[in-house]
Every structure is written in structure tokens, then in C-alpha cells.
Protein chains: 2
Amino acid sequence: MIRISKKVEYALMALKFISQSDNKLVTAREISDTKKIPYDLLSKILQKLKNENILLSNQGTNGGYSLNKRTDEIYLYNLMNMLDGDIAVAECMYETKEKDCSLEDSCSIKSEVAKLQKEVEDLFKNKTISDFV
Amino acid sequence: MIRISKKVEYALMALKFISQSDNKLVTAREISDTKKIPYDLLSKILQKLKNENILLSNQGTNGGYSLNKRTDEIYLYNLMNMLDGDIAVAECMYETKEKDCSLEDSCSIKSEVAKLQKEVEDLFKNKTISDFV
DNA sequence: CTAATTTGGACTAATATAGTCCTATTTGAA
DNA sequence: TTCAAATAGGACTATATTAGTCCAAATTAG
Ligand code: SF4
Ligand code: SF4
């Protein structure tokens with residue numbers, strides 16, 4: 001399936017939301033409530049984005065999140081990478097050789113699949129979050 | 001995950017194989033053996049391609065498959081469509097409204113996701129099987 | 001101290017993909 | 001006219017991925 005995961009969609013919505021409430025800290029609860037995103041799942045996503053230095057966080061009462069980068073500095077490709085792991089159109093295309101296709105020896109389409117991989121990558125590398133806000 | 005399914009990979013390999021054994025009928029068993037593709041699964045795929053008029057089939061002893069179209073007439077997009085169903089980068093992007101995203105009301109990224117959908121579609125619509133043989 | 005909030009591990013549920021099993025039908029040839 | 005090679009196709013199981021939940025800890029303003 002050629003699919004953007006819910007995690008990425010939720011991240012995009014959250015980033016849009018945060019980018020639009022200028023400077024004020026935004027809580028996971030606020031985003032979850034207004035965007036109807038499952039709270040626990042959203043929390044994980046925001047934590048991840050914080051660990052990846054996309055967001056800044058403040059703990060405790062009156063805490064919340066704020067952007068740590070301009071939206072045009074955040075690439076969709078990287079966002080997908082952070083949240084869903086390696087982007088690979090086929091098993092043999094993982095950068096980290098964690099997966100290994102058993103057909104690699106007899107495979108007659110690998111080089112063409114690699115081309116496709118490049119094109120898909122480029123598509124997502126040429127989009128930033130600013131395209132979504 | 002942004003992924004070409006095994007079904008589609010198997011179909012590509014099979015079509016390449018058939019296109020390269022000119023005019024002689026090719027059996028599912030031959031392809032399965034030389035390409036190490038699970039026989040039953042491959043059979044289903046070839047049957048599907050036959051029903052979609054990509055292949056011609058002859059039953060019985062000495063039977064097998066042959067191409068019914070030029071490789072440059074078979075679009076990757078359609079192949080994926082036949083084997084895996086609708087291509088949709090998000091739940092709300094299915095042509096047939098079989099799926100329905102519960103967030104559609106509060107969603108703030110739908111139009112941008114639609115743009116992405118278009119771009120992904122175009123990428124696959126601009127590739128034919130001849131790019132793989 | 002307490003309530004609001006982030007942090008984060010572990011788990012479960014739902015869905016999609018991949019693969020298997022079995023039986024029927026067709027057909028050329030011994 | 002029987003047999004074996006092949007396609008046809010339904011029903012099922014297994015595996016992997018994605019989505020979502022639960023719980024407990026740490027932080028901090030008031
Ligand atoms: S080796 Fe061939 S079959 Fe295996 S994942 Fe790569 S392209 Fe697909
Ligand atoms: S969240 Fe928005 S973009 Fe994603 S599927 Fe639902 S409506 Fe479409």
C-alpha cells in the first residue's frame with residue numbers, strides 16, 4: 001500500500017496547529033481535543049518530535065510544546081522517517097540492512113525498483129511542512 | 001508505509017519473464033521455479049492478469065500464458081490497482097467511498113494530502129511495464 | 001501539597017499483506 | 001478413454017504492520 005501513516009497525518013496536523021498559535025505553548029490535550037486525535041498516541045508523537053528537535057517542550061503545569069524549527073526547515077521525508085522508520089518501496093531498499101529479501105538472487109527488477117525508490121524519495125524530500133500549513 | 005506489494009513485484013517479474021520468452025507459452029510453474037515465487041500466489045496473480053486482459057491463457061496440457069498487450073501499454077498504476085486495489089495515500093482518498101476517515105470534519109490537511117495523492121498517482125501513471133523489462 | 005502536564009515502557013487490537021490448501025475444470029496425448 | 005499437465009478459483013491461515021490503550025513516573029506552577 002502506498003500510504004501516509006496516521007502518525008504522520010497526526011504530526012502534520014499538530015505541527016500546523018502549533019505553528020498557528022504563535023508563541024503560546026500548546027498542550028497535547030488541546031490538540032487532541034480540537035483535532036480529535038487519540039490523546040495517548042498524539043503524546044507519543046509529540047515526544048518523538050521533541051526528541052528529534054522539531055519541537056521544544058515544557059513540563060509541568062502550564063507546560064506544552066512550541067516549534068523549534070521553521071516549518072520550511074522540516075522535510076516531510078524526515079518526518080516520515082522519524083515516525084515510521086525507513087522509507088523503502090521494497091524489502092531490499094532499506095538503508096539499514098535489517099531486512100533481507102529472499103528473492104534477491106533471482107530478482108530481475110531490483111535496479112528498476114531502485115529507480116522508483118529514488119523517485120519516491122525525491123517526492124517526499126521536496127516537500128516541507130510549510131506546504132501543509 | 002510507502003511500499004510496492006509483493007504481489008506487484010511478482011507480477012512485474014512474471015510479465016518480464018513472459019515478455020522475454022517470445023511467443024512461446026509460459027507456465028506458472030516455470031516462472032515460479034526460476035524466480036522462486038510461491039506457486040499458488042503466483043497462480044492467483046496470473047489469473048487476475050488474465051481476467052484483466054493483460055495476459056492470454058491456455059488451459060490444459062501444454063497450456064500457459066502469453067502477453068495480450070505491449071509492455072508499454074501496461075501502466076504500473078493500473079497493475080497496482082488491479083492487484084492491491086485503490087491507491088490512496090490516506091483513508092479519505094479512496095475513489096470508491098468504501099473507507100471513511102472519522103477525522104474528516106476536524107481535518108486541517110486534507111487539501112494538501114489531496115495534492116500529494118495527485119503527485120503519487122502521476123508518478124505511477126507515468127511508468128509502464130516496459131520500464132521494468 | 002496538588003493538579004496539570006510531559007515522559008516513556010509495555011501491552012493489545014485492528015488491519016493489511018503474504019502465503020497455503022484443496023478441489024474443480026480443461027485439454028493434449030498415450 | 002484414461003491420465004497427466006495445466007489453468008481456475010474459493011476458503012483458509014499466518015505474519016507483519018499500523019493504530020490505539022494502559023499505566024506509572026517525573027516535572028513544575030501555584
Ligand atoms: S530483491 Fe527484488 S523481489 Fe526482493 S525486494 Fe528487492 S525488488 Fe523486491
Ligand atoms: S485525517 Fe484528514 S487527510 Fe487523513 S484521512 Fe482523515 S480526512 Fe483524510
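Quick note on labels: first sequence line is chain A, next is B, and so on, each numbered from 1.
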Of the nucleotides [options], which has the atom closest to the [X] side chain?
| X | options | answer |
| --- | --- | --- |
| S5(B) | dA18(C), dG8(C), dT6(C) | dA18(C) |
| P38(B) | dT21(D), dG19(C), dT7(D) | dG19(C) |
| K50(A) | dT7(C), dG9(D), dT5(C) | dT7(C) |
| K6(A) | dG9(D), dT7(C), dG20(D) | dG20(D) |
| D40(B) | dT7(D), dT21(D), dC21(C) | dC21(C) |
| Y65(B) | dG8(C), dT7(D), dG10(D) | dT7(D) |
| S43(A) | dG9(D), dT7(D), dT7(C) | dT7(C) |

Taking N or O atoms only and anything under 3.5 Å, show me the protein contacts with nucleotides 26-30 of chain D, one pair per line.
from    : atom 1 : to     : atom 2 : distance (Å)
dT27(D) : O2     : G60(A) : N      : 3.3
dT28(D) : O2     : T61(A) : N      : 3.4
dT28(D) : O2     : T61(A) : OG1    : 3.1
dA29(D) : O3'    : N62(A) : ND2    : 3.2

Grab the [atom1]-[atom2] distance between [X] and [N] for me, whole Å please.
| X | N | atom1 | atom2 | result |
| --- | --- | --- | --- | --- |
| N51(B) | dG10(D) | CG | P | 10 Å |
| I2(A) | dA16(C) | CD1 | P | 15 Å |
| I45(B) | dT20(C) | CD1 | C1' | 14 Å |
| M13(B) | dA18(C) | CE | P | 12 Å |
| D86(A) | dT18(D) | CG | C1' | 17 Å |
| R3(B) | dT18(D) | CZ | P | 8 Å |
| K36(B) | dG19(C) | NZ | P | 15 Å |
| L42(A) | dT21(D) | CG | P | 12 Å |

Legend entry - Path from L25(B) to L46(B) over hydrophobic side-chain contacts below 4.5 Å: no
Inset, instruction - Answer yes or no for K125(A) and Y75(A): cation-pi contact, defined as NZ/CZ to six-membered ring centre under 6.0 Å and angle to ring axis within 45°. - result: no
Inset, instruction - Spell out yes or no: do the side chain of K44(A) and the base of dG9(C) have one donor N/O and one acceptor N/O closer than 3.5 Å? - result: yes
Legend entry - Nearest-nucleotide comparison on DNA chain C, the residue closer to the 5′ end among D84(B) and Y39(B): D84(B)
Inset, instruction - Could you check G64(A) against L41(B) and say which one's nearest nucleotide on DNA chain C is further toward the 5' end? - result: G64(A)
Pair [X] + [Y]: basic N to acidic O under 4.0 Å:
| X | Y | result |
| --- | --- | --- |
| E112(B) | K127(A) | no |
| K6(A) | E9(A) | yes |
| D40(B) | K44(B) | no |

Legend entry - Any T27(B) side-chain nitrogen or oxygen under 4.0 Å from OP1 or OP2 of dT7(D): no
Inset, instruction - Working to the nearest 0.5 Å, report the span between CG of L42(A) and OG1 of T27(A). - result: 9.5 Å
Inset, instruction - Name the nucleic acid region contacted by Y10(A), choosing base, sugar-phosphate or nothing; use a 4.0 angstrom heavy-atom cut-off, strictly under. - result: sugar-phosphate
Inset, instruction - Determine yes or no for a side-chain-to-main-chain donor-acceptor pair under 3.5 angstrom, with K16(B) supplying the side chain and I109(A) the backbone. - result: no
Legend entry - The single option from L15(B), L79(B), L12(B) passing side-chain contact (heavy atoms from CB on, under 4.5 Å) against F132(B): L12(B)
